Amino acid sequence: MTQHDLTLISATDGAALPQEPFLARHLIDGQWRESADGTVFERHSPAHGVLVTRAALGGIAETEAAIVAARRTFDEGVWPSTSGKDRSTLLLRVAELIDRDRERIALMETLESGKPISQARAEIEGAADLWRYAASLARSLHGDSHNALGSDMLGLVLKEPIGVASIVTPWNFPFLIVSQKLPFALAAGCTAIVKPSELTPATTVILGELLMEAGLPAGVVNIVLGYGQPVGALMTTHGDVDMVSFTGSTAVGKAIVAATSASLKKVSLELGGKNPQVVFADADIDAAADAIVFGIYFNAGECCNSGSRIIVQRDVAEDVTERVIALSRKVPFGDPLHPDTQVGAIISPEHQSKIDSHVKAAAGDGATIRLGGGPLNVNGLNDQFYQPTVLSGVTSDMAVAREEVFGPVLSVLEFSTFDEAITLANDAAYGLSAGVWSENVHTCLEFTRRVRAGTVWTNTWMDGFAELPFGGMKESGLGRELGRYGLEEYLEVKTVQMRIGRTRAPWVHAR
Ligand code: NAD
């Protein structure tokens, strides 16, 4: 495959590359700790191959210690009994510190994940907004009262923090995703153990530093670095943990549900997606083509919300495909440290091979590779990039139309009637998000009602707001994050029935 007609940004002068790696340690009970046996793991920047982080490698001992600290801090009531006002003040202080350290956090995020620096900056800014929004919820937290149960009865519904929350996050949006969970857990009054992905530990550690600086009491948030086994697994099965909040693959999400069934912990899951964008012939095709290109290349396609399936009305399918290909050539791929880069490196060589196997299998299944279809070489950088790739002639029985590719690979399917479009859109195990493009409001509304997805975008793609809940139907997850629903995930409901006066009729009848 030729790549000469793509827009590439070669290695910049490298001034932002670190001379020394970031040293990441566990945060347990307010103390920064190495692992008991001194073991570490390393992260090299996917784009440059430079050592960027050396992290303590957690095991059973560190995970146990973190859980004990979170349990004790919850049971002793330090944080759950802090007023909503004081919790809110602390969360606002954290948001200010995130803003202050935005450059430092964004740089580490870029170095570890390979995402463009401009995008990382925007994500850190968005994360600070989530801390502010959660701060507002901390002050408005309340239950219900029932005053019409009869003159001698008052009913109260109390909202209480669920307890100790284990928070496990993936590598694709490390700082943003921990900020979709942790401030909401803290606003509710929970304590937490957090495990970032082994590929991107640094920015969660920086967040830990900011939490300490903001004055969060020791033991309320504990961070353990390491792999799914044994750290993540123990965090999800331990008897002292009340809830698991996980973002990651559907395969690991299912394993967590199986592992937690013995203790019936609450589980909240944000998992994968195979998200359709349906384009009707009456759509604003220019706007749709631009959004399709954004939806598939944003974060190099390593995105749960990747718009990886477009389903286009037959009359305009070729026109839309041609426009998408023309725009794809203009998107700057290359050095994540360059301010103009819009698509950076792939997270790991293994993941790059997985993307490539999906593309080769699709071609074998009969899809046509219209653009890209192989690894991308960028001058002066590691071989960890993938070409913008467009596949046409995809049908919904092909694996590429059903499985998450998690790369810059777009599948184009075609339809004739509205019903056919809905059938194709819903023909997936996933149900995270979906989009519709049409100038007819009735078409948009009917699509919105009939599509099985947690989020529906009409004539737009991948907007997000702290106020609006996010989560998946079907195998895309359980529960919701963000909005007031995001806070509810971390709350238990307690019903209180209070009799007023001595009016209770005796149950035992006097003989
Ligand atoms: P992953 O499932 O491999 O890993 C996620 C996290 O789980 C990591 O921290 C990992 O160490 C840990 N883990 C692995 N095995 C575990 C186990 N047995 N018990 C507990 N923890 C374990 O996912 P990933 O490759 O890091 O991330 C990509 C996936 O995340 C994609 O499927 C993507 O769609 C999904 N994702 C979903 C959302 C969403 O909001 N729905 C957002 C981002 C990413």
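Atoms within a ligand are numbered from 1 in the order they appear, just like the ligands themselves. Numbers here are sequence positions counted from 1. Predicted model only: the values in this text are computed from it and were never measured. Hydrogens, waters and symmetry mates are skipped; everything else that's a heavy atom, side chains included, is used.
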- Item | Close-contact set for ligand 1 against I177 heavy atoms, below 4.0 Å | 42 (C), 43 (C)
- Message: Counting only heavy atoms from other residues, nucleotides and ligands, does the tally under 6.0 Å from CG of D75 exceed 12?
- Response: yes
- Message: Is atom 41 (N) of ligand 1 touching the protein, meaning some protein heavy atom lies under 4.0 Å away?
- Response: yes
- Item | Enumerated ligand 1 atoms positioned under 4.0 Å from heavy atoms of E198 | 10 (C), 11 (O)
- Query: F406 heavy atoms, cut-off 4.0 Å: which ligand 1 atoms fall inside?
  - Reply: 28 (C), 31 (C), 33 (C), 34 (O)
- Does F173 have a non-hydrogen atom less than 4.0 Å from ligand 1? no
- Go through ligand 1 atom by atom and flag the ones less than 4.0 Å from a non-hydrogen atom of N172. 43 (C), 44 (C)
- Task: Mark up the atoms of ligand 1 that fall under 4.0 Å of a heavy atom belonging to E404, in ascending order.
- Result: 31 (C), 32 (O), 33 (C), 34 (O)
- Nearest heavy atom to atom 5 (C) of ligand 1: which of T247, T204, N299 does it belong to? T247
- Item | Donor-acceptor under 3.5 Å (E62 side chain, H26 main chain) | no
- If we only count N/O pairs under 3.5 Å, is G273 in contact with ligand 1? no
- T389 side-chain N/O to G373 backbone N/O, donor-acceptor pair under 3.5 Å: yes
- For the rings on F447 and W457, is their centre-to-centre separation under 6.0 Å? no
- Query: Once the angle between the rings of F406 and W171 is folded into 0 to 90°, is it parallel (under 30°), tilted (30 to 60°) or perpendicular (over 60°)?
  - Reply: perpendicular
- Message: Donor-acceptor check, side chain of E302 to backbone of I347, threshold 3.5 angstrom: yes or no?
- Response: yes
- Item | Atom indices of ligand 1, in the order listed, that fall short of 4.0 Å to a heavy atom of W171 | 24 (P), 25 (O), 26 (O), 27 (O)
- Ranked by distance from atom 7 (O) of ligand 1, the top protein heavy atom is F246 CE1, 3.2 Å
- Message: Less than 4.5 Å apart, side chain to side chain, heavy atoms only: is that true for V168 and S245?
- Response: no
- Note on the structure: When distances are taken from atom 20 (C) of ligand 1, the protein heavy atom at minimum range is G232 C, 3.3 Å
- Flag the pair D397 and R402 as a salt bridge only when some basic side-chain nitrogen lies within less than 4.0 angstrom of an acidic carboxylate oxygen. no
- May I ask you to identify, for C304, whether its side chain, its backbone, both or neither come under 4.0 Å of ligand 1 on a heavy-atom basis? both
- Which atoms of ligand 1 have any heavy atom of V168 under 4.0 Å away? 6 (C), 7 (O), 9 (O), 12 (C), 21 (N)
- CZ/R452 to CG/L432 distance, rounded to the nearest 0.5 angstrom? 13.0 Å
- Message: I need the S348 OG to H44 NE2 distance, nearest 0.5 Å.
- Response: 14.0 Å
- Message: Among all protein heavy atoms in this structure, tell me which lies nearest to atom 18 (N) of ligand 1, with the distance rounded to 0.1 Å.
- Response: Q229 NE2, 3.9 Å
- Note on the structure: To the nearest 0.5 Å, atom CH2 of W131 lies from atom OG of S179 at 6.0 Å
- Message: Tell me whether S249 has any N or O atom under 3.5 angstrom from an N or O of ligand 1.
- Response: yes
- Under-4.0 Å salt bridge between R309 and D427: no
- Residue, atom name and distance, where the atom is the protein heavy atom closest to atom 37 (C) of ligand 1: L271 O, 3.0 Å
- Who's the nearest protein heavy-atom neighbour of atom 27 (O) of ligand 1, and how far? P170 CB, 3.3 Å
- Message: Let's go through V205 and T53 carefully: what are the C-alpha distance in whole Å and the side-chain angles of both, what is the deciding distance for side-chain contact (heavy atoms from CB on, under 4.5 Å) to 0.1 Å, and is it a yes or a no?
- Response: CA-CA 11 Å; V205 171; T53 304; over 6 Å; no
- Message: Is there a side-chain contact (heavy atoms from CB on, under 4.5 Å) between L111 and L17? Walk through the geometry before answering.
- Response: CA-CA 8 Å; L111 291 173; L17 290 172; 3.8 Å; yes
- Are any of the N or O atoms of K195 closer than 3.5 Å to those of ligand 1? yes
- Task: Heavy-atom distances under 4.0 Å are what count here, so tell me which part of V231 touches ligand 1: side chain, backbone, both or neither.
- Result: neither
- Query: Which of the atoms in ligand 1, numbered in the order shown and given with their element, are less than 4.0 Å from a heavy-atom of G272?
  - Reply: 34 (O)
- Message: Counting C-beta onward and ignoring hydrogens, is there a side-chain heavy-atom pair between R104 and D101 closer than 4.5 Å?
- Response: yes
- With backbone taken as N, CA, C and O and side chain as the heavy atoms from C-beta onward, which portion of M235 lies under 4.0 Å from ligand 1: side chain, backbone, both, or neither? neither
- What protein heavy atom sits nearest atom 17 (C) of ligand 1, and how far off is it? V252 CG1, 3.8 Å
- Query: Would a line drawn from the ring center of F41 to the ring center of Y227 be shorter than 6.0 Å?
  - Reply: yes
- Task: Compute the shortest N/O to N/O distance between G248 and ligand 1 and return yes if it is under 3.5 Å, no if not.
- Result: yes
- Message: Check contact between A233 and ligand 1, using heavy atoms of the residue and a distance below 4.0 angstrom.
- Response: yes
- Item | Top protein contact for atom 13 (N) of ligand 1, by heavy-atom distance | G228 CA, 3.5 Å
- If you scan protein heavy atoms around atom 9 (O) of ligand 1, the nearest is T169 O, 2.7 Å
